[in-house]
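Here's the structure we're looking at; comments come further down.
Computed over heavy atoms, backbone and side chain alike; hydrogens, waters and symmetry mates excluded. As the structure is a prediction and not an experimental result, all values here were calculated from the model. Numbers restart at 1 for each chain; the letters A, B, ... are given by sequence-line order, proteins then strands.
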Amino acid sequence: MEILIPTPKDFSFKRTAISHGWSELPPFEIDSKNWTLTRVIALDDRAFTATITHTRRTVKINVPGKASRRALEKIERDTRHMLRLDDDMGEFYRLISNDADFQWVETEGAGRLLRSPTVFEDLVKTICTTNCSWSLTDKMARSLVGALGRESNDRRRAFPTAEDMASQPEKFYRDEVRSGYRAPYLKELAERVASGELDVESWLTSDKSTSELKREMKRVKGVGDYAAENLLKLVGRYEGLALDSWVRAKFARLHNGGRAAKDKKIEQYYSRFGHWRGLALWCDMTRDWMKDGLSSF
DNA sequence: GCGTCCAGGTCTACC
DNA sequence: GGTAGACCTGGACGC
């Protein structure tokens with residue numbers, strides 16, 4: 001079955017698909033030769049593999065086999081959410097159009113950051129990016145999906161729900177997922193979300209100030225400044241820079257003659273972009289990703 | 001193959 | 001509020 005979604009004029013499928021490392025983590029899969037993004041989407045007790053492509057200002061989603069109308073609506077809704085098709089980039093593009101070093105962002109349709117269908121998945125994956133190599137993050141995500149995700153018709157697996165994760169003992173996260181000291185954090189998070197005590201999906205529409213929302217995010221064990229600011233970007237707030245060692249090193253190469261720069265200097269550099277500064281920084285850091293392909297991540 | 005060192009971000013205890 | 005040390009894994013390196 002096929003779903004077609006018209007896309008905004010300023011949307012770039014390629015730039016969005018490779019906007020950050022999420023497209024390489026299951027249940028995403030990216031084929032950057034044929035520019036196909038595959039994603040397993042869970043619905044109640046079933047899961048569907050959606051193959052997403054883009055031609056002539058239209059996103060095309062292919063879902064093998066039969067799917068109910070409700071399932072197709074969910075797949076469309078999730079795809080719009082993941083690809084940020086409803087985000088209005090106008091204000092950001094107008095702001096950066098005055099800056100010669102950033103005009104490429106609008107020309108190339110960059111700035112939409114790929115995200116998961118749920119904040120819960122983005123939160124779990126963000127915790128799995130902290131204090132470790134990308135290969136370990138990949139391993140943790142693969143273990144979670146492989147062990148707990150619901151199987152789709154082509155035997156791929158979806159990302160586990162909070163309930164799926166809450167049902168596992170801490171030992172599972174330590175021994176199977178290899179999440180180390182993060183094991184109790186993942187277990188506690190899943191239990192809090194599954195019980196309804198913590199509603200992380202509400203962060204998408206929260207009317208709290210960004211600093212209040214950041215404080216709330218940091219109350220989740222394993223979420224510090226970097227993780228909270230990364231999550232804020234994924235819920236559409238770009239005031240935080242989410243500085244980690246990779247960003248600091250890249251800034252040093254691009255703008256500081258290869259020497260380490262103080263965080264204050266990095267903050268100063270992007271301050272001209274106001275509440276869009278976090279997005280401006282990320283576009284700046286990833287400008288060469290289209291040239292270098294995904295291997296540069 | 002084994003042991004050691006290091007990078008990575010957050011938490012906790014302490015000042 | 002700031003800081004030091006612990007947390008845990010995988011990779012690099014030397015033997």
Side-chain angles (χ1 to χ4, degrees), chain A residues 20-22 24-26 113 115-116 119-148 160 165 168-193 197-198 200 203 209-235 237-254 256 258-268 270 277-278 281-282 285-286 289 294-297:
Chain A
H20 61 98
W22 265 203
E24 295 180 343
L25 296 180
L113 304 182
R115 61 186 171 186
S116 308
V119 176
F120 175 71
E121 180 182 331
D122 281 338
L123 176 52
V124 169
K125 283 180 171 169
T126 298
I127 291 173
C128 293
T129 64
T130 59
N131 202 21
C132 65
S133 62
W134 182 253
S135 62
L136 183 54
T137 299
D138 185 72
K139 192 171 184 170
M140 288 188 249
R142 256 168 234 291
S143 302
L144 281 173
V145 169
L148 302 179
M165 286 181 60
Q168 295 298 316
E170 186 182 313
K171 190 173 164 30
F172 165 80
Y173 295 100
R174 206 173 280 280
D175 299 345
E176 304 291 322
V177 181
R178 309 297 294 165
S179 64
Y181 67 89
R182 303 167 197 81
Y185 304 164
L186 295 176
K187 169 78 174 161
E188 182 184 301
L189 170 64
E191 282 177 342
R192 290 178 67 197
V193 172
E197 181 212 325
L198 178 65
V200 296
W203 292 349
S209 70
T210 300
S211 56
E212 275 180 290
L213 190 55
K214 183 177 169 184
R215 270 198 297 278
E216 187 175 330
M217 289 172 169
K218 285 178 70 174
R219 282 199 284 273
V220 174
K221 287 266 184 65
V223 176
D225 278 330
Y226 156 76
E229 289 178 5
N230 185 56
L231 273 169
L232 283 167
K233 288 181 185 178
L234 297 177
V235 299
R237 304 195 194 210
Y238 304 102
E239 289 99 317
L241 299 183
L243 298 177
D244 63 4
S245 58
W246 181 83
V247 167
R248 291 185 179 101
K250 185 125 189 192
F251 183 88
R253 275 206 307 282
L254 291 178
N256 209 40
R259 298 181 310 279
K262 291 210 162 86
D263 288 357
K264 286 276 177 210
K265 182 166 186 176
I266 304 176
E267 284 162 19
Q268 175 67 31
Y270 296 102
R277 54 191 177 270
L281 171 143
W282 190 249
M285 296 294 106
T286 57
W289 281 12
L294 294 170
S295 58
S296 62
F297 188 77

Distance (rounded to the nearest 0.5 Å) between [X] [atom1] and [Y] [atom2]:
{"X": "A:E121", "Y": "A:L234", "atom1": "CD", "atom2": "CG", "result": "10.5 Å"}
{"X": "A:T129", "Y": "A:D122", "atom1": "OG1", "atom2": "CG", "result": "10.5 Å"}
{"X": "A:L232", "Y": "A:M217", "atom1": "CG", "atom2": "CE", "result": "4.0 Å"}

Check the orientation of A:W289 and A:W282. Use parallel for under 30°, tilted for 30 to 60°, and perpendicular for over 60°.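 Rings of A:W289 and A:W282: perpendicular, as their planes differ by over 60°.
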
For [X], which contact category applies under a 4.0 Å heavy-atom criterion: base, sugar-phosphate, or nothing?
{"X": "A:A183", "result": "nothing"}
{"X": "A:V220", "result": "sugar-phosphate"}
{"X": "A:S245", "result": "sugar-phosphate"}

Taking any atom under 4.0 angstrom from a heavy atom of chain A, which nucleotides of DNA chain B are the first and last to qualify, 5' to 3'? B:dG8 to B:dT12

Is there a donor-acceptor contact under 3.5 Å from the side chain of A:K233 to the main chain of A:G278?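 It does hold such a pair.
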
Let's go through A:L243 and A:L281 carefully: what are the C-alpha distance in whole Å and the side-chain angles of both, what is the deciding distance for side-chain contact (heavy atoms from CB on, under 4.5 Å) to 0.1 Å, and is it a yes or a no? CA-CA 10 Å; A:L243 298 177; A:L281 171 143; 4.0 Å; yes

Quick check on side chain to side chain contact (heavy atoms under 4.5 Å, CB included): which of A:L186, A:V223, A:V193 does A:L123 satisfy it with? A:V223

Could you list all N or O pairs between the protein and nucleotides 1-9 of chain C that sit under 3.5 Å apart?
unit_1, atom_1, unit_2, atom_2, d
C:dC8, OP1, A:R174, NH1, 3.0

Do A:K187 and A:E191 meet the salt-bridge criterion of a basic N to acidic O distance under 4.0 Å?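 Salt bridge flag = yes for A:K187 with A:E191.
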
